[in-house]
Amino acid sequence: MNYPDIPILNQRFGAPGRIAFRTGEAGLPIISLVNAYGTCELSLYGGQVLSYRPTGHVPVLFTSKAAVYEPGKPIRGGIPICWPWFGPSSDKAQPLHGFARLMQWGLQATEYSSDVTEVRLALSDSELTRHFWPYAFDLTLRVWLDQRLNLALTTVNRDKRPFTLTQAFHPYFRVRQITDTTVRGLDQALYTDLLTGQTGVQQGALNIRSETDRVYLPTSPECVLQDTGIGRAIAVAFTGTRRLVVWNPWIDKAHAMPDFGDDEYQRMLCIEPANTAEDAVMLEPGARHTLSVALQASLT
Ligand code: TA6
């Protein structure tokens, strides 16, 4: 894969001390956003936030030490973009969670002010994307850093036919120890356990003590990851969907994933605003939809 020229990107889109481009793992072009509130790095490959560190905090996101950075493979960690389908495709030959995280995204714009540093990436249909999904589209990812880390994924149907998409932000949150971690704000939320197919109602805070893969219907569009190990809370607020997936692979699945350390299940938890099949988005030609998520860390 031929990557854009880093010096040219810095010349055209960089801003000293605020926005910079560098060559990362395996030659991937990396964008860093900086301001008084923190730092964030994204990969143009996959349009994927790889790290986020608010000022005065330890990193908020987890990336596996065994992650691979190879074209055509997903990067295990940060905030993968699952689009235009979430989960496995009906066609088993298709990649899990769609193809957007396997594509080289284009740089649309960068901006900054005293309080905000922003980058906008774009992905449109191409011969390659049409190999996976036969529709014309424009996809824009807007990432801006202020007191929070904010992401907004906007899909525009550029086709002559309607299409239906499922999608998600799939953030891997870093935790000190999964057994010292709870998710608050899901109390009384209906959920479907994807491991058993059973449904239930969340009673109080969610503790993770085994493999967990649940789709929640929260009563409000936010939840809080409470990490008593670090002494921190991460508020997760979202729009554009009513569903939230919570996932931890636990021991067996961790052993089964080659790009994930056997014990790394102890140091991560995924909380994913998702348009799952129950909340799929049907777009008429010319219509658009935005899925957004905002992360805010606070010491506790
Ligand atoms: O997080 C929900 C989920 O669909 C899980 O069922 C598991 O398959 C996970 O995503 C895999 O995510 P990955 O980043 O490995 O593609």
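We count ligands from 1, going down the list as the structure has it; atoms in each ligand are counted the same way. Throughout, numbering of the chain's residues begins at 1 and tracks the sequence.
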*Asks:* Of Val246, Val245, Asp213, which has the heavy atom at the shortest distance from atom 6 (O) of ligand 1?
*Replies:* Asp213
*Asks:* Give the residue, atom name and distance (to 0.1 Å) of the protein heavy atom nearest atom 16 (O) of ligand 1.
*Replies:* Arg101 NH2, 2.7 Å
*Asks:* Flag the pair Glu278 and Arg242 as a salt bridge only when some basic side-chain nitrogen lies within less than 4.0 angstrom of an acidic carboxylate oxygen.
*Replies:* no
*Asks:* Out of the candidates Phe137, Trp105, Phe132, only one should pair with Trp83 under the ring pair (Phe, Tyr, Trp, His ring centres under 6.0 Å) rule; please name it.
*Replies:* Phe137
*Asks:* Rounded to the nearest 0.5 Å, what's the gap from CG on Asn275 to OG1 on Thr241? Could you check?
*Replies:* 4.0 Å
*Asks:* To the nearest 0.1 Å, how far is atom 8 (O) of ligand 1 from its closest protein heavy atom, and which atom is that?
*Replies:* Leu96 CD2, 4.1 Å
*Asks:* Nearest to atom 12 (O) of ligand 1, what protein heavy atom do you find, and at what distance?
*Replies:* His170 NE2, 3.2 Å
*Asks:* If I compare all heavy atoms of Tyr45 with all of Glu70, which pair ends up nearest, and what's the gap?
*Replies:* OH-O, 3.3 Å
*Asks:* Under 4.0 Å from ligand 1, counting heavy atoms only, is it the side chain of Glu272, its backbone, both or neither?
*Replies:* side chain
*Asks:* Which residue and non-hydrogen atom of the protein lie closest to atom 13 (P) of ligand 1, and at what distance in Å?
*Replies:* Arg76 NH1, 3.3 Å
*Asks:* Report yes if Trp247 has an N/O atom closer than 3.5 Å to an N/O atom of ligand 1; otherwise report no.
*Replies:* no
*Asks:* Identify every side-chain donor-acceptor pair in residues 4-16 under 3.5 Å, counting partners at least two apart or on other chains, and give the distances.
*Replies:*
{"from": "Asp5", "atom 1": "OD1", "to": "Ile8", "atom 2": "N", "distance (Å)": "3.2"}
{"from": "Asn10", "atom 1": "OD1", "to": "Phe21", "atom 2": "N", "distance (Å)": "2.8"}
{"from": "Asn10", "atom 1": "ND2", "to": "Phe21", "atom 2": "O", "distance (Å)": "3.0"}

*Asks:* Give the residue and atom name of whichever protein heavy atom lies nearest to atom 10 (O) of ligand 1, and the separation in Å to one decimal.
*Replies:* His97 NE2, 2.9 Å
*Asks:* Side-chain heavy atoms under 4.5 Å apart, restricted to Ile/Leu/Val/Met/Phe/Trp/Tyr: what other residues fall into the cluster of Val116, or is it alone?
*Replies:* Trp144
*Asks:* Tell me whether the rings of Trp85 and Phe99 are parallel (<30°), tilted (30 to 60°) or perpendicular (>60°).
*Replies:* perpendicular
*Asks:* Where's the contact between Tyr172 and ligand 1, heavy-atom distance under 4.0 Å: side chain, backbone, both or neither?
*Replies:* side chain
